[in-house]
Amino acid sequence: MQLEILILGMITCLMKGAQCEVTEVFAEAGSKVVLPCKCSSSTSLPVAIIWSKANSDSVHSTIWRMQRSGMQYWGSGWTQKGIQRARCPNSQFERGDYSLQINSVREEDGGFYSCRVKQGHQETQNVVMLRIIKVTISPSVSIWGEDVSITCNVNPWPHGANVGWTLNNSPFVPQTDMTAIRQTPEQVVREEANPRVAGNWTCVVGYKGKVGRASSTLAVKGILKPSTDSTKLYSAVGSEVNLPCVLSSDLKLSSSGWEKLKPRSLFKPVAGRLPTTFSPSSPSSQTPWDISASLKEVKFEDEGRYRCSATIEGQQLTRIMQLVVAKIESSVVSKKKGSVTLTCQLTDTSEVTDYEWVHVVYGLNGTQSVGSIKKGKTLILNKMSEENRGEWVCRFYGKQGILGNVTHHLQLTSGLTGEKSAAGSPNIAAIVALSLLLLVLLLILAQMYKNHQRRKRIFQFPALETIVHTASNQQEERERSREKK
């Protein structure tokens, strides 16, 4: 039908001696579109303009027209809330531009449009094919795991057009086991709702050198963090680790729970016992959509797969994550030489690409200094060397950067001798000096106590001697007085 109208319009143009041009225009539903109509004006004579649209019954309905006198008329059905959706800007007339501007285009606006410009005895007619593109997503807000369809409608459909999709500004590559695409008057993509397909979908239509686009947004709700199953979490022995499980904020959560899956249960996961240090987050200290948990003190045997589950609107959502535990094993190489080997061990090394060792030393005032960096999974050190004292940190890396680290404290042995040991240890020298000072003080106090006791004994005898002399003197005086008598 549309082709018949186009042919009829072309024949009419030729019969009337008018100049005809056909232009393809794409527009997204709801947007503003400009239908071009430009004529070369060689005279200053007034012009008459008629914009019309071909209906399905091959009848042209007037959209807007202007007489040579300047009077303007609008057709019915082009008003939205009392405002005309179609208009021709008068400011462009002097340039011979009589383009029609349509605001808030609708799907039913698609079709053939005709622009006829009369100036004197010259008449020019432009034919424009307006194609409206609209992307619909059903449902537009999906819960993880639901089936969702993304449809691209073009009215009228351009037969032989090239149609493609982009997702978040990147070309969309469908997965053949989940996606079905069919070429009809509309193009449909069917997917299972998950974070991979969430975002801005754009349908790109190419036809006769013209390109049209339309977009719509798909929101997927469910477990946001971790975003995918089998996410690996790295932790060191003795540390605390968080097991994240965060839902979309506006979901109505019915129930939730945690399980540790038994090893070797890949196809049918079997729940096992949770570690003794497992601690679910307190409901009073978190938002309703955060059901994360933690292990207060990680043990090497706590490694494995953990599953969090949530029931939302009768549908159960689950997320499985793997905890990888790291530790440093120390083994003696030579007792005589005091050599020890440090080995960085992980329960799963499938993502590890590199290891490095960093030596960290703390000073008396709490300052921290970092020594040289050494590569490799193992490290051989001399425990009798003062240079090796302090912390040794093993960092392990993946393709995307650092995955985690684990720390080992190296204690010095008692075999340190020589000038290097005596001069290089200010802590030991200070302790020895303080000990000698305390010993001297104790000796002085002991001697002072002895002197005090001795003086007390000496002071008792002079007092007795004074008493004896006094009595003797009194007796002598009595004897003298008797002799005088």
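- Considering only residues two or more places apart in sequence or on other chains, His359 meets the ring pair (Phe, Tyr, Trp, His ring centres under 6.0 Å) condition with Trp392.
- In terms of modelled atom types and a separation under 3.5 Å, the side chain of Asp290 and the main chain of Val246 share no donor-acceptor contact.
- Every side chain to side chain contact (heavy atoms under 4.5 Å, CB included) that Leu167 has, sequence neighbours left out, goes to Phe172, Trp201.
- Residues passing the side chain to side chain contact (heavy atoms under 4.5 Å, CB included) test with Arg395 are Glu356, Val358, Val393, Tyr397, Ile402, Asn405, sequence neighbours excluded.
- Residues that satisfy the salt bridge (Lys or Arg N to Asp or Glu O under 4.0 Å) test with Lys118, not counting sequence neighbours, are absent from this structure.
- Every residue meeting the side chain to side chain donor-acceptor pair (under 3.5 Å) condition with Glu24, not counting sequence neighbours, appears here in chain and number order: Arg131.
- One N or O on the side chain of Ser142 and one on the backbone of Pro139 form a donor-acceptor pair closer than 3.5 Å.
- With a 4.5 Å cut-off on side-chain heavy atoms, Val117 and Ile50 do not count as touching.
- A side chain to side chain donor-acceptor pair (under 3.5 Å) with Glu259 is found for one member of Arg307, Arg305, Arg273 and no other, namely Arg307.
- At a cut-off of 3.5 Å, with distance as the only test, no side-chain donor of Thr378 or Thr343 sits close to an acceptor on the other residue.
- Side-chain atoms of Trp74 never come within 3.5 Å of backbone atoms of Thr62 as a donor-acceptor pair (strictly under, hydrogens ignored).
- For Glu301, the CD atom counts as densely surrounded, since its 6.0 Å shell holds more than 12 non-hydrogen atoms of other residues, nucleotides or ligands.
- Considering only residues two or more places apart in sequence or on other chains, Arg213 meets the salt bridge (Lys or Arg N to Asp or Glu O under 4.0 Å) condition with none of them.
- Contact detail for Asn126 and Lys38: the closest heavy-atom pair is ND2-N, 3.5 Å.
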| Step-by-step side chain to side chain contact (heavy atoms under 4.5 Å, CB included) determination, Leu253 to Thr311 | CA-CA 6 Å; Leu253 178 65; Thr311 303; 5.8 Å; no
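- Val25 is not listed as a side-chain neighbour of Lys210, based on a closest heavy-atom distance of 4.5 Å or more.
- Between Glu351 and Lys399 there is no salt bridge, since none of the side-chain N atoms of the basic residue sits less than 4.0 Å from a carboxylate O of the acidic one.
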Exercise answer: donor-acceptor pairs, residues 100-112 side-chain atoms, under 3.5 Å, sequence neighbours excluded:
unit_1	atom_1	unit_2	atom_2	d
Gln101	NE2	Asn103	OD1	3.4
Asp109	OD1	Arg85	NH2	3.3
Asp109	OD2	Arg85	NH1	3.0
Asp109	OD2	Arg85	NH2	3.4
Asp109	OD2	Arg106	N	2.8

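- Counting only distance, with no hydrogens or angles, the side chain of Ser248 and the backbone of Gly222 share a donor-acceptor pair below 3.5 Å.
- Evaluation of the disulfide bond (SG atoms under 2.5 Å apart) test over residues 189-254, restricted to residues two or more places apart or in two chains, returns Cys152-Cys203, Cys245-Cys308.
- Listed for the Gln122 side chain is no donor-acceptor partner under 3.5 Å among the backbone atoms of Gln119.
- Within the structure, disulfide bond (SG atoms under 2.5 Å apart) contacts touching residues 72-143 (residues at least two apart or in different chains) are Cys37-Cys115.
- Sorted by first then second residue, the ring pair (Phe, Tyr, Trp, His ring centres under 6.0 Å) pairs that include residues 211-256, not counting sequence neighbours, are Tyr234-Phe396.
- Of the listed residues (Met66, Gln72, Arg68, Arg116), just one forms a side chain to side chain contact (heavy atoms under 4.5 Å, CB included) with Ile49, and that residue is Met66.
- Among residues two or more places apart in sequence or in another chain, the side chain to side chain contact (heavy atoms under 4.5 Å, CB included) test is passed with Gln67 by Arg65, Ser69, Met71, Tyr73.
- For Asp147, there are no side chain to side chain donor-acceptor pair (under 3.5 Å) partners at least two apart in sequence or on another chain.
- In this structure, Trp51 contributes its side chain and Tyr98 its backbone to a donor-acceptor pair below 3.5 Å.
- No donor-acceptor pair closer than 3.5 Å links the side chain of Ser227 to the backbone N or O of Leu224.
- Looking only at distances, a side-chain donor or acceptor of Asn168 sits under 3.5 Å from a matching main-chain atom of Ala198.
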| request: Starting from the C-alpha separation in whole Å, work towards a yes-or-no answer on side-chain hydrogen bond (donor to acceptor under 3.5 Å, both in side chains) for Gln92 and Ser99. | output: CA-CA 8 Å; Gln92 304 296 324; Ser99 301; over 6 Å; no
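- Judged by distance alone, the side chain of Thr349 and the main-chain N or O of Leu346 form no donor-acceptor pair under 3.5 Å.
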| request: Check the pair Glu329, Lys327 against salt bridge (Lys or Arg N to Asp or Glu O under 4.0 Å), reporting the backbone distance first and the verdict last. | output: CA-CA 7 Å; Glu329 281 198 349; Lys327 70 175 182 179; 3.4 Å; yes
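- Side-chain atoms of Thr347 come within 3.5 Å of backbone N or O of Val325 as a donor-acceptor pair.
- Residues Gln84 and Thr79 bring a donor and an acceptor atom of their side chains to less than 3.5 Å of each other.
- For the residue pair Ser215 and Thr202, a side-chain donor N or O sits within less than 3.5 Å of a side-chain acceptor on the partner.
- Looking at heavy atoms from C-beta onward, Val204 lies in side-chain contact with Val211 at the 4.5 angstrom threshold.
- For the 3.5 Å distance criterion, the side chains of Trp165 and Gln187 qualify, holding a donor opposite an acceptor.
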